[in-house]
Amino acid sequence: MHFLEAQNNASPDIEFVIEVEGLSKRYGDILAVDNIEFNIKKGEVFGFLGPNGSGKTTTIRMLCGILQPTSGTGRTVGFDISTQSERIKEHIGYMSQKFSLYDDLTVIENLRFYAGLHSIPKSVRENRIAQVLERAGLQDRRLQRAGSLSGGWKQRVALVCSMVHQPKVVFLDEPTAGVDPVSRRRFWEMIYRSAEEGSTFLVTTHYMDEAERFDRLVFIDKGKLIAQGTPEFIKRTEFRHKLWEIKCQPLSTAEEVLRHSPDVIETSLQGVTIHVATSLQFSDVDSLVGALTRGGVKVESIHETVPSLEDVFISLAAGNNEHTGELT
Amino acid sequence: MFRWSRFSAIAYKEFIHMRRDRLSFAVMLGIPILQVTVFGFAINTTVDHIPLVVCDLSNSKEGRDFAQRLVNTSYFDLVGWVDSYKSAKSYIDHEKAKAAALIPENFPRDLRRGEAQVGVLVDASDPLLASSALSTVAQVGLIMNIEIMEESGGGAGLSSPAIDVRTRALYNPDLRSAVYIVPGLIGVILTMTMVLITSVAIVREREHGALEALITTPVSKIELMSGKILPYVVVGYVQMTLVLMVAWLMFDITPQGNIAFLYSVGFLFIVASLGVGMVISTIAKTQIQAMQMSFFFFLPNILLSGFMFPISSMPEIIQKFSQILPLTYFLVFLRGVLLKGTGPAELWPYIWPLLIFAPAIVTVGVLKFSKKLT
């Protein structure tokens with residue numbers, strides 16, 4: 001019996017943990033996910049980036065087998081997302097945007113609940129729970145009600161709840177939203193450690209500064225996949241401009257002046273500096289400085305810089321908007 | 001395949017929710033005690049202690065005797081003794097009395113002749129009270145008549161038992177409303193609390209965002225539903241027991257029939273009610289909606305099931321409708337077992353509808369619940 005079960009539950013031997021081909025989801029007139037394609041390898045920390053409402057959550061739900069696609073195919077751990085969704089659920093962990101903890105249950109009760117739902121045998125259950133509690137630094141809080149935890153702790157509990165059964169793939173939907181930077185860092189450390197042990201992660205975020213953390217990522221906007229690859233690859237191939245970093249004051253005036261300059265393609269504020277994209281041929285820095293000075297801006301420094309993923313995505317999103325004829 | 005571990009994980013979690021939510025827990029246990037006490041005392045369809053004014057124009061021993069007999073029934077409380085029709089009516093006009101007995105001048109003479117008349121004035125703004133007053137006076141008059149006939153030896157044929165309706169009231173010799181109301185309350189309280197509690201069970205998970213996490217686990221629909229139902233079956237049994245205790249302690253109503261029989265059919269009704277709640281829970285989008293739907297279900301149950309009004313006096317189409325309510329059957333069953341001590345054979349017509357309804361409604365709930373989002 002045990003032997004048979006073990007065989008039944010084993011997913012096919014596969015190279016890609018997730019395979020997606022031409023996947024679409026339509027809600028009435030709105031195409032929430034538009035013909036997307038990507039693969040995720042075992043052990044990858046895969047990023048799903050895009051603004052709010054771009055179709056990230058919809059895609060995750062389809063891959064978890066809780067949302068029927070309108071067209072296209074997808075396989076998660078080797079099982080078809082439309083026809084074998086219940087098989088998929090044995091092998092995945094899912095942490096939704098709302099964290100889905102029960103506030104009136106303690107940390108350990110929440111864990112036991114999910115352990116029970118995944119039928120972790122009684123003999124190993126308590127050991128496993130103790131192990132994940134320790135890894136997440138939650139032992140001292142195991143008897144605390146989930147509702148009394150702060151955002152960062154809640155997020156950690158939600159993560160271990162979704163991983164207590166050692167799933168092959170873990171889907172994390174906006175796991176770091178509304179969480180302080182220190183907690184975010186710890187959170188990422190936990191994810192890397194599990195990935196090294198063979199777990200695969202698909203993580204959505206709209207924080208562009210987190211993008212560099214992914215092994216590979218896709219950028220999705222208005223349901224369309226507009227870039228994919230490693231962070232390096234995307235920076236190299238998708239940014240077809242020269243990028244300048246200008247330190248000056250006041251920034252708002254500077255942005256106004258630069259927008260009206262014929263050489264400038266895009267501007268974006270980056271802290272105390274301003275990033276300006278120009279054509280690859282452009283090199284006449286003095287004319288830019290001149291224009292700024294005439295506009296009453298005091299320029300401290302200007303130099304060419306390597307684009308961050310954020311720069312790339314802003315430019316990609318702008319391009320996608322132009323394409324669909326929409327204003328930002 | 002049904003996995004015990006998943007089922008018990010759900011059931012255990014529900015037990016914790018229940019234990020931690022002190023207010024709801026108190027309400028679940030408080031409702032039966034409070035409702036039985038309040039309903040048992042307050043809902044009184046037999047009207048007694050009607051304030052009565054007597055206008056005795058005969059000023060005779062017979063007149064006073066008649067008035068005394070009225071008071072002795074305990075249906076009347078004497079509030080005044082007047083000597084004119086006008087002042088008797090003013091008692092009623094000024095709400096000092098609800099009924100007046102008018103004894104004519106030549107009452108003693110007419111009585112001996114067997115043609116005495118007594119006038120009764122009733123405030124009929126409350127029909128229930130009016131009919132009770134009228135029939136009591138009529139009965140007292142009848143009894144008095146018969147007695148006088150016997151005394152005068154005029155009617156040997158009438159010495160057979162006097163017509164006393166009260167001695168014919170089976171199972172509830174004192175015609176107390178509590179006896180009629182309290183057993184029904186078990187059914188009404190179970191309907192109300194069981195449906196309401198489960199109707200929010202799934203919706204709450206959905207509103208809270210936990211449902212999405214639940215449906216991405218291998219838990220099956222049956223495991224989920226039965227795990228959520230089980231804790232409330234226990235609550236249902238506790239409520240039933242509490243009502244029985246209050247009925248016994250406060251109203252001296254003890255079950256005449258088999259307790260085990262009562263509890264096993266009770267299980268069917270509890271599951272049926274929980275099933276209705278489950279179905280509501282799969283339809284409603286918010287907890288508020290679920291509660292509104294529960295009340296929508298609750299109202300016809302309380303009005304048309306025979307709890308308040310006898311089904312036989314309802315229009316035919318309403319009678320047909322009342323036959324689809326599980327409470328209709330359960331009420332007949334409850335009164336049968338509790339008051340009459342009726343057994344399974346006689347009550348079978350009221351058990352098999354529950355035997356069909358309970359699994360059917362739970363099946364609908366399971367089928368309607370989907371592990372997919374839309």
Any residue of residues 219-236 of chain B which, by heavy atoms, sits under 4.5 Å from chain A: B:Val219
Under 4.5 Å from a heavy atom of chain B, the part of A:Ser119 involved: both
Looking at every non-hydrogen atom in both residues, tell me the closest pair between B:Ile16 and A:Asp104 and how far apart they are. CG2-O, 4.5 Å
Within the side chain of B:Lys372, is there an N or O that forms a donor-acceptor pair under 3.5 Å with the backbone of A:Gln68? no
Given heavy-atom pairs under 4.5 angstrom as the criterion, report whether the side chain, backbone, both or neither of A:Ile88 touches chain B. neither
Within a radius of less than 6.0 Å around OH of A:Tyr207, do more than 12 heavy atoms belonging to other residues, nucleotides or ligands occur? yes
Quick check: closest heavy atoms across A:Leu117 and B:Ala9, and the distance to 0.1 Å? N-CB, 4.0 Å
Any side-chain heavy-atom pair from A:Gln97 and B:Glu212 closer than 4.5 angstrom? no
Candidate list A:His118, A:Glu86, A:His91, test side chain to side chain contact (heavy atoms under 4.5 Å, CB included), partner B:Pro218, passing option: A:His118
Does CD1 in B:Ile356 sit with more than 12 non-hydrogen atoms of other residues, nucleotides or ligands closer than 6.0 Å? yes
I need the minimum non-hydrogen distance between A:Leu67 and B:Leu373, along with the two atoms involved. CD1-O, 3.5 Å
Less than 4.5 Å to any heavy atom of chain B: does that hold for the side chain of A:Ser85, its backbone, both, or neither? side chain
A:His165, A:Met95, A:Glu109: which one forms the most heavy-atom pairs within less than 4.5 Å of chain B? A:Glu109
Using a 4.5 Å heavy-atom cutoff, which residues in residues 267-283 of chain B come close to chain A? none
Tell me if the CZ atom of A:Arg142 is crowded by more than 12 foreign heavy atoms within 6.0 Å. no
Would you indicate whether the side-chain heavy atoms of A:Phe113 and B:Thr217 approach each other to under 4.5 Å? no
Correct closest heavy-atom pair for B:Ala213 and A:Tyr94 would be CA-CD2, 4.4 Å
A:Ser71: partners by side-chain contact (heavy atoms from CB on, under 4.5 Å), with sequence neighbours left out: A:Ser24
What do you reckon, is CZ of B:Phe369 surrounded by more than 12 foreign heavy atoms closer than 6.0 Å? yes
Name the region of A:Tyr27, side chain, backbone, both or neither, that has any atom closer than 4.5 Å to a heavy atom of chain B. side chain
Flag side-chain contact, heavy atom, 4.5 Å: B:Glu205 against A:Tyr102: yes
Which portion of B:Thr374 sits near chain A, non-hydrogen atoms under 4.5 angstrom: backbone
List the residues meeting ring-ring contact (aromatic ring centres under 6.0 Å, His included) with B:Phe7, not counting sequence neighbours, and say none if there are none. B:Phe2, B:Trp4
Under a 4.5 Å cut-off applied to non-hydrogen side-chain atoms, are B:His17 and A:Leu105 in contact? yes
